[in-house]
Colleague: 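I am attaching a structure below and will ask some questions about it afterwards.
Atoms considered below: every heavy atom in the structure, side chains included; atoms not considered: hydrogens, waters and symmetry mates. Within every chain, numbering begins at 1; the chains are lettered A, B, ... in the order of the sequence lines, protein sequences first and strands thereafter.
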Number of protein chains: 2
Amino acid sequence: MNVGSDRTEERLLSFESICREHGLSITPQRVAIYKELVSSPDHPSAISIFNKVREYYSNISLDTVNRTLLTFQKIGLAKVVESSGDPKRFDPNLEPHHHFRCISCGEIIDFRDEFYDALEIPAEIKEKFVVLEKKVHLEGFCDQCRAT
Amino acid sequence: MNVGSDRTEERLLSFESICREHGLSITPQRVAIYKELVSSPDHPSAISIFNKVREYYSNISLDTVNRTLLTFQKIGLAKVVESSGDPKRFDPNLEPHHHFRCISCGEIIDFRDEFYDALEIPAEIKEKFVVLEKKVHLEGFCDQCRAT
DNA sequence: ATGTTTGCAAATAGTTTGCATCCAG
DNA sequence: CTGGATGCAAACTATTTGCAAACAT
(Lines give C-alpha, C1' and ligand atoms only; values in the text may rest on other atoms or scores of the structure.)
Protein backbone atom coordinates (compact mmCIF):
# COMPACT_ATOMS: atom_id res chain seq x y z
CA MET A 1 0.00 0.00 0.00
CA ASN A 2 1.19 3.51 -0.72
CA VAL A 3 1.97 5.69 2.26
CA GLY A 4 -1.08 7.77 3.10
CA SER A 5 -0.88 11.36 1.94
CA ASP A 6 -2.95 14.16 3.44
CA ARG A 7 -5.14 13.88 0.38
CA THR A 8 -5.67 10.18 1.04
CA GLU A 9 -6.55 10.79 4.70
CA GLU A 10 -8.99 13.46 3.64
CA ARG A 11 -10.65 11.17 1.16
CA LEU A 12 -10.89 8.39 3.72
CA LEU A 13 -13.06 10.57 5.91
CA SER A 14 -15.47 11.38 3.11
CA PHE A 15 -15.38 7.68 2.16
CA GLU A 16 -16.78 6.73 5.54
CA SER A 17 -19.54 9.29 5.47
CA ILE A 18 -20.53 8.40 1.91
CA CYS A 19 -20.75 4.74 2.89
CA ARG A 20 -22.92 5.60 5.87
CA GLU A 21 -25.16 7.76 3.72
CA HIS A 22 -25.82 4.70 1.62
CA GLY A 23 -26.28 2.41 4.59
CA LEU A 24 -23.09 0.47 3.91
CA SER A 25 -20.88 -0.94 6.65
CA ILE A 26 -17.29 0.22 6.98
CA THR A 27 -15.51 -3.11 6.64
CA PRO A 28 -11.75 -3.49 6.67
CA GLN A 29 -11.92 -4.92 3.15
CA ARG A 30 -13.72 -1.86 1.86
CA VAL A 31 -11.26 0.46 3.56
CA ALA A 32 -8.28 -1.43 2.15
CA ILE A 33 -9.72 -1.48 -1.37
CA TYR A 34 -10.58 2.18 -1.19
CA LYS A 35 -7.12 3.12 0.00
CA GLU A 36 -5.53 1.21 -2.86
CA LEU A 37 -7.89 2.73 -5.37
CA VAL A 38 -7.33 6.35 -4.42
CA SER A 39 -3.59 6.00 -4.02
CA SER A 40 -3.34 4.47 -7.48
CA PRO A 41 -1.60 6.77 -9.91
CA ASP A 42 -3.22 5.02 -12.86
CA HIS A 43 -6.49 3.26 -13.67
CA PRO A 44 -6.30 -0.07 -11.89
CA SER A 45 -8.23 -3.19 -12.79
CA ALA A 46 -9.91 -5.31 -10.12
CA ILE A 47 -7.08 -7.84 -10.37
CA SER A 48 -4.34 -5.27 -9.82
CA ILE A 49 -6.09 -3.90 -6.75
CA PHE A 50 -6.65 -7.44 -5.52
CA ASN A 51 -2.93 -8.18 -5.85
CA LYS A 52 -1.88 -5.08 -3.97
CA VAL A 53 -4.40 -5.48 -1.17
CA ARG A 54 -3.48 -9.12 -0.82
CA GLU A 55 0.07 -8.17 0.13
CA TYR A 56 -1.13 -7.21 3.58
CA TYR A 57 -4.66 -8.60 3.64
CA SER A 58 -3.80 -12.09 2.57
CA ASN A 59 -7.15 -13.82 2.57
CA ILE A 60 -9.22 -11.24 0.75
CA SER A 61 -10.99 -12.66 -2.28
CA LEU A 62 -11.07 -11.33 -5.80
CA ASP A 63 -14.86 -11.47 -5.69
CA THR A 64 -14.94 -9.04 -2.84
CA VAL A 65 -12.69 -6.68 -4.75
CA ASN A 66 -14.92 -6.92 -7.79
CA ARG A 67 -18.11 -6.44 -5.81
CA THR A 68 -16.65 -3.60 -3.82
CA LEU A 69 -15.41 -1.70 -6.84
CA LEU A 70 -18.84 -1.97 -8.44
CA THR A 71 -20.38 -0.74 -5.21
CA PHE A 72 -17.98 2.20 -5.19
CA GLN A 73 -19.04 3.01 -8.71
CA LYS A 74 -22.70 2.86 -7.73
CA ILE A 75 -22.32 5.28 -4.83
CA GLY A 76 -20.06 7.62 -6.78
CA LEU A 77 -16.67 6.87 -5.22
CA ALA A 78 -15.14 5.67 -8.47
CA LYS A 79 -15.80 5.63 -12.16
CA VAL A 80 -15.31 2.97 -14.75
CA VAL A 81 -12.96 4.06 -17.49
CA GLU A 82 -14.42 4.14 -20.97
CA SER A 83 -12.15 1.81 -22.82
CA SER A 84 -12.48 -0.83 -25.44
CA GLY A 85 -10.28 -3.30 -23.64
CA ASP A 86 -11.33 -6.35 -21.76
CA PRO A 87 -10.59 -5.97 -18.07
CA LYS A 88 -12.63 -3.16 -16.51
CA ARG A 89 -10.43 -0.32 -15.32
CA PHE A 90 -11.48 1.93 -12.47
CA ASP A 91 -10.80 5.62 -12.10
CA PRO A 92 -10.35 7.14 -8.65
CA ASN A 93 -10.08 10.62 -10.15
CA LEU A 94 -13.42 12.34 -9.66
CA GLU A 95 -12.20 15.78 -10.70
CA PRO A 96 -13.01 16.79 -14.26
CA HIS A 97 -10.26 15.47 -16.49
CA HIS A 98 -9.70 13.95 -19.90
CA HIS A 99 -8.09 10.84 -21.26
CA PHE A 100 -5.43 9.99 -23.77
CA ARG A 101 -5.24 6.30 -24.59
CA CYS A 102 -2.32 4.63 -26.34
CA ILE A 103 -3.62 2.21 -28.93
CA SER A 104 -0.41 0.24 -28.74
CA CYS A 105 0.20 -0.37 -25.04
CA GLY A 106 -3.28 0.44 -23.76
CA GLU A 107 -2.02 2.95 -21.20
CA ILE A 108 -4.58 5.60 -20.29
CA ILE A 109 -3.17 8.98 -19.34
CA ASP A 110 -5.19 11.63 -17.51
CA PHE A 111 -4.80 15.24 -18.43
CA ARG A 112 -6.37 18.45 -17.29
CA ASP A 113 -7.64 21.08 -19.71
CA GLU A 114 -9.74 24.02 -18.65
CA PHE A 115 -10.84 24.71 -22.17
CA TYR A 116 -12.17 21.19 -22.59
CA ASP A 117 -13.84 21.41 -19.18
CA ALA A 118 -15.77 24.44 -20.38
CA LEU A 119 -17.13 22.87 -23.58
CA GLU A 120 -20.77 23.59 -24.27
CA ILE A 121 -23.19 20.72 -24.77
CA PRO A 122 -24.78 20.97 -28.23
CA ALA A 123 -28.38 22.17 -28.10
CA GLU A 124 -29.76 19.07 -29.82
CA ILE A 125 -28.31 16.93 -27.05
CA LYS A 126 -29.20 19.19 -24.16
CA GLU A 127 -32.83 19.30 -25.27
CA LYS A 128 -33.31 15.56 -25.36
CA PHE A 129 -30.92 14.09 -22.81
CA VAL A 130 -29.65 14.69 -19.31
CA VAL A 131 -25.88 15.07 -19.50
CA LEU A 132 -24.00 14.17 -16.34
CA GLU A 133 -20.49 13.72 -17.61
CA LYS A 134 -18.39 15.18 -20.37
CA LYS A 135 -14.95 14.01 -21.35
CA VAL A 136 -12.64 14.43 -24.30
CA HIS A 137 -11.09 11.19 -25.36
CA LEU A 138 -7.88 11.22 -27.39
CA GLU A 139 -6.21 8.21 -28.91
CA GLY A 140 -2.89 7.53 -30.55
CA PHE A 141 0.64 6.54 -29.61
CA CYS A 142 2.27 7.43 -26.31
CA ASP A 143 5.89 8.55 -26.11
CA GLN A 144 7.06 5.00 -25.36
CA CYS A 145 5.23 3.44 -28.27
CA ARG A 146 5.72 6.08 -30.94
CA ALA A 147 9.40 5.18 -30.99
CA THR A 148 8.74 1.54 -31.81
CA MET B 1 -30.17 -8.08 -43.95
CA ASN B 2 -31.09 -4.50 -44.61
CA VAL B 3 -31.85 -3.53 -48.17
CA GLY B 4 -28.69 -2.10 -49.75
CA SER B 5 -28.68 1.66 -50.06
CA ASP B 6 -26.51 3.56 -52.53
CA ARG B 7 -24.25 4.33 -49.61
CA THR B 8 -23.94 0.66 -48.79
CA GLU B 9 -23.11 -0.25 -52.40
CA GLU B 10 -20.52 2.48 -52.47
CA ARG B 11 -18.91 1.24 -49.29
CA LEU B 12 -18.87 -2.33 -50.57
CA LEU B 13 -16.64 -1.28 -53.46
CA SER B 14 -14.12 0.39 -51.18
CA PHE B 15 -14.37 -2.62 -48.88
CA GLU B 16 -13.12 -4.89 -51.65
CA SER B 17 -10.23 -2.65 -52.56
CA ILE B 18 -9.19 -2.17 -48.95
CA CYS B 19 -9.20 -5.94 -48.44
CA ARG B 20 -7.05 -6.41 -51.53
CA GLU B 21 -4.65 -3.72 -50.39
CA HIS B 22 -4.10 -5.78 -47.27
CA GLY B 23 -3.84 -9.07 -49.14
CA LEU B 24 -7.11 -10.40 -47.72
CA SER B 25 -9.47 -12.62 -49.69
CA ILE B 26 -12.99 -11.46 -50.45
CA THR B 27 -14.91 -14.30 -48.85
CA PRO B 28 -18.69 -14.45 -48.73
CA GLN B 29 -18.50 -14.42 -44.93
CA ARG B 30 -16.52 -11.19 -44.92
CA VAL B 31 -18.91 -9.60 -47.38
CA ALA B 32 -21.93 -10.62 -45.33
CA ILE B 33 -20.41 -9.39 -42.08
CA TYR B 34 -19.35 -6.14 -43.65
CA LYS B 35 -22.82 -5.54 -45.13
CA GLU B 36 -24.42 -6.10 -41.74
CA LEU B 37 -21.92 -3.87 -40.04
CA VAL B 38 -22.31 -0.87 -42.32
CA SER B 39 -26.07 -1.13 -42.55
CA SER B 40 -26.32 -1.17 -38.76
CA PRO B 41 -27.88 1.99 -37.42
CA ASP B 42 -26.27 1.43 -34.04
CA HIS B 43 -23.09 -0.06 -32.60
CA PRO B 44 -23.48 -3.79 -32.94
CA SER B 45 -21.70 -6.43 -30.91
CA ALA B 46 -20.21 -9.51 -32.51
CA ILE B 47 -23.16 -11.57 -31.33
CA SER B 48 -25.76 -9.27 -32.83
CA ILE B 49 -24.01 -9.32 -36.20
CA PHE B 50 -23.68 -13.07 -35.92
CA ASN B 51 -27.41 -13.41 -35.34
CA LYS B 52 -28.35 -11.24 -38.29
CA VAL B 53 -25.91 -12.85 -40.71
CA ARG B 54 -27.03 -16.29 -39.61
CA GLU B 55 -30.55 -15.58 -40.86
CA TYR B 56 -29.39 -16.09 -44.40
CA TYR B 57 -25.92 -17.62 -43.91
CA SER B 58 -26.93 -20.34 -41.58
CA ASN B 59 -23.67 -22.13 -40.89
CA ILE B 60 -21.44 -19.17 -40.23
CA SER B 61 -19.66 -19.38 -36.89
CA LEU B 62 -19.44 -16.79 -34.16
CA ASP B 63 -15.67 -17.18 -34.19
CA THR B 64 -15.53 -16.05 -37.77
CA VAL B 65 -17.62 -13.02 -36.94
CA ASN B 66 -15.35 -12.19 -34.04
CA ARG B 67 -12.17 -12.69 -36.04
CA THR B 68 -13.52 -10.78 -38.99
CA LEU B 69 -14.60 -7.78 -36.95
CA LEU B 70 -11.16 -7.61 -35.37
CA THR B 71 -9.63 -7.82 -38.83
CA PHE B 72 -11.87 -4.98 -40.00
CA GLN B 73 -10.69 -2.93 -37.07
CA LYS B 74 -7.07 -3.67 -37.93
CA ILE B 75 -7.39 -2.55 -41.53
CA GLY B 76 -9.46 0.49 -40.63
CA LEU B 77 -12.93 -0.61 -41.78
CA ALA B 78 -14.44 -0.37 -38.32
CA LYS B 79 -13.68 0.99 -34.91
CA VAL B 80 -14.27 -0.42 -31.48
CA VAL B 81 -16.50 1.77 -29.39
CA GLU B 82 -14.97 3.08 -26.20
CA SER B 83 -17.32 1.78 -23.59
CA SER B 84 -17.11 0.38 -20.14
CA GLY B 85 -19.45 -2.48 -20.83
CA ASP B 86 -18.59 -6.05 -21.40
CA PRO B 87 -19.38 -7.08 -24.95
CA LYS B 88 -17.23 -5.23 -27.49
CA ARG B 89 -19.30 -2.94 -29.69
CA PHE B 90 -18.19 -2.04 -33.18
CA ASP B 91 -18.68 1.25 -34.96
CA PRO B 92 -19.12 1.33 -38.73
CA ASN B 93 -19.16 5.13 -38.71
CA LEU B 94 -15.74 6.31 -39.81
CA GLU B 95 -16.71 9.96 -40.20
CA PRO B 96 -15.75 12.20 -37.30
CA HIS B 97 -18.53 12.03 -34.76
CA HIS B 98 -19.11 11.98 -31.04
CA HIS B 99 -20.89 9.77 -28.58
CA PHE B 100 -23.56 10.14 -25.96
CA ARG B 101 -23.97 7.09 -23.77
CA CYS B 102 -26.97 6.42 -21.54
CA ILE B 103 -25.79 5.14 -18.19
CA SER B 104 -29.12 3.47 -17.64
CA CYS B 105 -29.81 1.48 -20.81
CA GLY B 106 -26.30 1.51 -22.26
CA GLU B 107 -27.43 2.89 -25.62
CA ILE B 108 -24.73 4.81 -27.46
CA ILE B 109 -25.94 7.63 -29.66
CA ASP B 110 -23.79 9.22 -32.37
CA PHE B 111 -23.95 12.92 -32.94
CA ARG B 112 -22.20 15.33 -35.24
CA ASP B 113 -20.73 18.60 -34.02
CA GLU B 114 -18.45 20.75 -36.13
CA PHE B 115 -17.25 22.69 -33.14
CA TYR B 116 -16.15 19.53 -31.36
CA ASP B 117 -14.52 18.28 -34.56
CA ALA B 118 -12.37 21.41 -34.63
CA LEU B 119 -11.09 21.15 -31.05
CA GLU B 120 -7.38 21.84 -30.64
CA ILE B 121 -5.14 19.25 -29.02
CA PRO B 122 -3.49 20.73 -25.91
CA ALA B 123 0.17 21.55 -26.46
CA GLU B 124 1.39 19.28 -23.63
CA ILE B 125 -0.24 16.31 -25.37
CA LYS B 126 0.76 17.21 -28.91
CA GLU B 127 4.39 17.52 -27.87
CA LYS B 128 4.63 14.08 -26.32
CA PHE B 129 2.14 11.90 -28.12
CA VAL B 130 0.86 11.17 -31.60
CA VAL B 131 -2.89 11.83 -31.62
CA LEU B 132 -4.85 9.88 -34.21
CA GLU B 133 -8.37 10.19 -32.90
CA LYS B 134 -10.34 12.75 -30.97
CA LYS B 135 -13.83 12.28 -29.64
CA VAL B 136 -16.08 13.96 -27.13
CA HIS B 137 -17.82 11.50 -24.90
CA LEU B 138 -20.99 12.53 -23.09
CA GLU B 139 -22.83 10.46 -20.53
CA GLY B 140 -26.16 10.70 -18.80
CA PHE B 141 -29.76 9.64 -19.32
CA CYS B 142 -31.37 9.29 -22.73
CA ASP B 143 -34.92 10.47 -23.39
CA GLN B 144 -36.32 7.00 -22.71
CA CYS B 145 -34.56 6.57 -19.39
CA ARG B 146 -34.86 10.09 -17.98
CA ALA B 147 -38.58 9.50 -17.66
CA THR B 148 -38.15 6.43 -15.48
C1' DA C 1 -29.46 -9.77 17.53
C1' DT C 2 -29.75 -9.34 12.70
C1' DG C 3 -29.06 -7.92 8.30
C1' DT C 4 -25.09 -7.05 5.56
C1' DT C 5 -20.80 -8.64 3.82
C1' DT C 6 -17.46 -11.98 2.87
C1' DG C 7 -15.04 -16.10 0.87
C1' DC C 8 -15.51 -20.06 -1.63
C1' DA C 9 -17.04 -22.67 -5.45
C1' DA C 10 -19.43 -23.07 -9.44
C1' DA C 11 -21.63 -20.86 -13.33
C1' DT C 12 -21.67 -17.73 -17.02
C1' DA C 13 -20.27 -14.53 -20.78
C1' DG C 14 -17.18 -13.08 -24.06
C1' DT C 15 -13.27 -13.94 -26.52
C1' DT C 16 -9.25 -16.54 -28.21
C1' DT C 17 -6.61 -20.50 -29.89
C1' DG C 18 -5.31 -25.01 -32.21
C1' DC C 19 -6.18 -27.62 -35.82
C1' DA C 20 -8.14 -30.11 -39.74
C1' DT C 21 -10.81 -28.93 -43.70
C1' DC C 22 -12.13 -25.90 -47.32
C1' DC C 23 -12.06 -22.41 -50.75
C1' DA C 24 -10.56 -17.92 -53.19
C1' DG C 25 -7.23 -16.43 -56.12
C1' DC D 1 -2.65 -25.73 -56.57
C1' DT D 2 -1.67 -23.42 -52.25
C1' DG D 3 -1.87 -20.17 -48.54
C1' DG D 4 -5.13 -17.97 -46.16
C1' DA D 5 -9.88 -18.43 -44.13
C1' DT D 6 -13.38 -21.08 -41.87
C1' DG D 7 -15.84 -24.01 -38.43
C1' DC D 8 -15.54 -26.65 -34.55
C1' DA D 9 -14.10 -27.68 -30.00
C1' DA D 10 -11.61 -26.60 -26.18
C1' DA D 11 -9.15 -23.19 -23.44
C1' DC D 12 -9.00 -19.02 -21.26
C1' DT D 13 -10.16 -14.55 -19.01
C1' DA D 14 -13.15 -11.62 -16.66
C1' DT D 15 -17.09 -11.37 -14.13
C1' DT D 16 -21.28 -12.92 -11.63
C1' DT D 17 -24.12 -15.75 -8.57
C1' DG D 18 -25.66 -18.90 -4.67
C1' DC D 19 -24.89 -19.92 -0.23
C1' DA D 20 -23.15 -20.75 4.45
C1' DA D 21 -20.23 -18.60 7.77
C1' DA D 22 -18.52 -14.31 9.78
C1' DC D 23 -18.86 -9.68 10.95
C1' DA D 24 -20.38 -4.63 11.67
C1' DT D 25 -23.55 -1.99 13.87
Colleague: Measure from CZ on Arg89(A) to C1' on dA14(D) and round the result to the nearest Å.
Modeller: 14 Å

Colleague: Can you confirm whether Ile108(A) sits close enough to Asp42(A) that some side-chain heavy atom of one is under 4.5 Å from a side-chain heavy atom of the other?
Modeller: no

Colleague: Assess the side chains of Asp117(B) and His98(B): does a donor N or O sit below 3.5 Å from an acceptor N or O?
Modeller: yes

Colleague: Under 4.0 angstrom, heavy atoms only, what part of the nucleic acid is Arg67(B) near: base, sugar-phosphate, or nothing?
Modeller: base

Colleague: Starting at NZ of Lys74(A) and ending at P of dT16(D), how long is that distance when rounded to a whole Å?
Modeller: 10 Å

Colleague: Given dT5(C), dG7(D), dG4(D), identify the nucleotide with an atom nearest to the side chain of Ser25(B).
Modeller: dG4(D)

Colleague: What is the distance, rounded to the nearest whole Å, between atom CG of Asn51(A) and atom P of dT13(D)?
Modeller: 14 Å

Colleague: Can you classify the ring geometry of Phe15(B) versus Tyr34(B) as parallel (below 30°), tilted (30 to 60°) or perpendicular (above 60°)?
Modeller: parallel

Colleague: Specify the separation, in whole Å, of atom CZ of Phe50(B) and atom C1' of dA13(C).
Modeller: 15 Å

Colleague: dG7(D) P sits how many Å from Ile33(B) CD1, rounded?
Modeller: 8 Å

Colleague: Salt bridge check, Lys79(B) against Glu133(B): does any charged N sit closer than 4.0 Å to a carboxylate O?
Modeller: yes

Colleague: Could you tell me the separation between the CZ atom of Arg54(A) and the P atom of dG7(C), rounded to a whole number of Å?
Modeller: 12 Å

Colleague: Under 4.0 Å between a Lys/Arg side-chain N and an Asp/Glu carboxylate O for Arg112(A) and Glu95(A)?
Modeller: no

Colleague: Can you find a donor-acceptor pair, distance only, under 3.5 Å between Asp63(A) side chain and dA14(D) base?
Modeller: no

Colleague: Can you tell me whether the side chain of Arg20(B) and the base of dG25(C) have a donor-acceptor pair closer than 3.5 Å?
Modeller: no

Colleague: Quick check: on DNA chain D, is the nucleotide nearest Gly23(B) upstream (toward 5') of the one nearest Asp86(B), or the reverse? Name the residue that is more 5'.
Modeller: Gly23(B)

Colleague: Please work out if Ile26(A) contacts a base, only the sugar-phosphate, or nothing of the nucleic acid, heavy-atom cut-off 4.0 Å.
Modeller: sugar-phosphate

Colleague: Starting at atom CD of Glu16(A), determine the distance to atom C1' of dT25(D), rounded to an integer number of angstrom.
Modeller: 13 Å

Colleague: What is the ring orientation for Phe129(B) with Phe100(A), classed by angle as parallel under 30°, tilted 30 to 60°, or perpendicular over 60°?
Modeller: parallel

Colleague: Answer yes or no: does a side-chain N or O of Lys88(A) lie under 4.0 Å from OP1 or OP2 of dA13(C)?
Modeller: no

Colleague: Could you please name the option among dT15(D), dA5(D), dG7(C) that lies closest to any side-chain atom of Ile60(A)?
Modeller: dG7(C)

Colleague: Would you please confirm or rule out a distance under 4.0 Å between OP1 or OP2 of dG7(D) and any side-chain N or O of Gln29(B)?
Modeller: yes

Colleague: Looking at dG7(D), dT5(C), dT15(C), which one has an atom nearest to any side-chain atom of Thr27(A)?
Modeller: dT5(C)

Colleague: Which part of the nucleic acid does Leu70(A) contact within heavy-atom distance under 4.0 Å: base, sugar-phosphate only, or nothing?
Modeller: sugar-phosphate

Colleague: Looking at Thr64(B), I'd like to know whether one of its side-chain N or O atoms comes within less than 4.0 Å of OP1 or OP2 on dG7(D).
Modeller: yes

Colleague: Between dT16(C), dA14(D), dT16(D), spot the one nearest the side chain of Asn66(A), thanks.
Modeller: dT16(D)

Colleague: Between Leu69(A) (CG) and dT15(D) (C1'), how many Å, whole number?
Modeller: 12 Å

